[in-house]
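Reading through the structure tokens given below for one structure.
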2 protein chains.
Amino acid sequence: MAETKSCLVEKLSRYAPLSERDLERLATLEEEERPCPRGSDVHRAGDRNGDLFVLKAGWAFSFTNMPDGRRQIVTVHHPGDVIGFPDIAFRNATTTLRCVDDVTLCPFPKSALSVILRESPRLSALMLSIALRDQVVFIDLLRAMGRMSARERIAHMLLDFRARLRMTDPAVTDRFRLPLTQQQIADYLGITNVYVSRTMIQMEDEGEIVRSEGHITLRDASKLERLTDFCDRYADMDTSWFPDT
Amino acid sequence: MAETKSCLVEKLSRYAPLSERDLERLATLEEEERPCPRGSDVHRAGDRNGDLFVLKAGWAFSFTNMPDGRRQIVTVHHPGDVIGFPDIAFRNATTTLRCVDDVTLCPFPKSALSVILRESPRLSALMLSIALRDQVVFIDLLRAMGRMSARERIAHMLLDFRARLRMTDPAVTDRFRLPLTQQQIADYLGITNVYVSRTMIQMEDEGEIVRSEGHITLRDASKLERLTDFCDRYADMDTSWFPDT
DNA sequence: CGGATGCTTGATCCCCTTCAAATAACGTGG
DNA sequence: CCACGTTATTTGAAGGGGATCAAGCATCCG
């Protein structure tokens, strides 16, 4: 029985059935979990690449800066997310990882990937699939940034957050905590904090959302889904082609 | 000796040294190459997922539409590129693949991935790395879309194209063929064709670029690199952690 | 309770869009 | 190789979405 409460096991076994051996293998790869206070940086862009993480609790985000100070938040990480995948193709981190909340991280070393690739084709397929799923999520975000208005972008972001939160907690409803500042939302969506404020007020005035106590409520999620042509990439991965072992 | 001129072998062996066995394995996975006329669609968004491709010759691009007709080109594919990676995590294609030129494709089936994962950890690592490298390229593009002006986006695109073309042909200089229409560039960068025209004229007036005979010349690439804080993601992948076999 | 941080609001500006039309380049058939 | 329709590029004028700057409020936290 998998009595071990490994983050990685917890996370990956959600996607596809894994053998006992694979589960054990995963559990041994993990290092001791590690807390990080809100506002702190786990690593900075340019740092030598170290570990990958599973985000056990709290929100975080990855971002890059331009020389003149413009900032782009690239990913908002939710509990259960694997963090650091894109960087492993390179020697140095391409983004800075900052904690939104007090956060708990479960690190596992980059070299663990090598072990997985050598020993478990099925786990390898899973890692690859997650990476490729994330790529499609980026593509969806790219479409939002390229062709959507500020209002649509915010709607898209909210739907995306809901879908992601629902992955680790199926009980998530149309009301959930949103700990990001408007400046952070702005840096994520490529607009300004001022316009985030204006747009969210407008969305609230028109009954699309409600804000209170750091939480947000989607009043009519399916309307927002139509508005943004939203597609939940977390719900329907294809695992049928995976090797059996 | 690898006498077979397999596209896949050609492509992948560029990144990291591979064993004879791996090279042979790759060669057998490939199906017969296939031509596609310019302007035609290889597959459409929503189609059941079939093959992956190596683009042997010509340019192509992948795009999505919004219900109201807005279009976002997501990737511009150059000779040597592997096409279709993001889709394999799903049952259906998420984008439409359209040919810019008369194109030659080397298809290999999705099931080939399963074979690779089972038989060659080293090739698996390579596939994963390419997927993750592409993810970083998307992140760079995202940053451009979120925080850069039209002019900076165009500069970024040109630098990216040059870097990619140089991967398969190191002889590529600051002058190269640019077969995209301004409408396509616009749909790629999230601006309008009209503004692409205006901006490129301005860039030409100010001596940053030259256009002639369907080609473009970068007059001072390093200046453009500073302007956009450009980073060549194709030049420096980290393969040091790969399994040996 | 006081400072800092985050949110809202107003006035003004500009990058880019939209619409429309003219010009140029291209592809095809004769 | 030219003629002609088609598609791509350029140009102009006008308008809007969102940026910028600056100030006033609300909230959080020690």
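Remember, predicted model here, so these are calculated numbers, not experimental data. Below, chain A is the first sequence line, B the second, and so on; all start at residue 1.
In this structure, C99(A) and C36(A) have their SG atoms no less than 2.5 Å from one another.
Across the helix from dT8(C)-dA23(D) to dG30(C)-dC1(D), the helix axis at one end is tilted relative to the axis at the other end by 50° (nearest 10 degrees, each axis from five pairs).
Ion pairing of E152(A) with R143(A) is absent here, as no side-chain N (NZ or NE/NH1/NH2) approaches a carboxylate O to less than 4.0 Å. Salt bridge status for E10(B) with K56(B): absent, with no side-chain N to carboxylate O gap under 4.0 Å. Ion pairing of D47(B) with R44(B) is absent here, as no side-chain N (NZ or NE/NH1/NH2) approaches a carboxylate O to less than 4.0 Å.
Judged purely by atom type and a 3.5 angstrom limit, D101(B) has no side-chain atom pairing as donor or acceptor with the backbone of V103(B). Remark: the backbone N or O of V54(A) is not paired with any side-chain donor or acceptor of K11(A) at under 3.5 angstrom.
Atom CZ of R38(A) has 12 or fewer heavy atoms from other residues, nucleotides or ligands within 6.0 Å.
Residues A150(B) and L180(A) both approach DNA chain C. Their nearest nucleotides, taken by heavy-atom distance, put L180(A) toward the 5′ side.
Of the candidate nucleotides dC7(C), dT17(C), dA19(D), dT17(C) has the atom nearest to the side chain of I191(B). Among dC7(C), dC29(D), dG18(D), the nucleotide with an atom closest to any side-chain atom of R38(A) is dC29(D).
Atoms CD (Q183(A)) and P (dC7(C)) sit 9 Å apart, rounded to a whole Å. With rounding to whole Å, I154(A) atom CD1 is found 9 Å from dG18(D) atom P. Taking atom CZ of R147(B) as the reference point, atom C1' of dC15(C) lies 15 Å away to the nearest angstrom. Atom pair D101(B):CG and dG27(C):C1' shows a separation of 15 Å (rounding to whole Å applied).
Residue Q182(B) has a polar side-chain atom (N or O) positioned under 4.0 Å from OP1 or OP2 of dT10(D). Proximity of T192(A) to the phosphate of dA19(D): a side-chain N or O atom is located under 4.0 Å from OP1 or OP2.
For residues 193-216 of chain B, proximity to DNA chain C is found at V194(B), Y195(B), R198(B), defined as any non-hydrogen atom under 4.0 angstrom from a strand atom.
Under the 3.5 Å distance criterion, with hydrogens and angles disregarded, a donor-acceptor pair is assigned to the side chains of S62(A) and H77(A).
A cation-pi arrangement is found for R233(B) relative to F90(A), the charged atom lying closer than 6.0 Å to the ring centre and inside a 45° cone about the ring normal.
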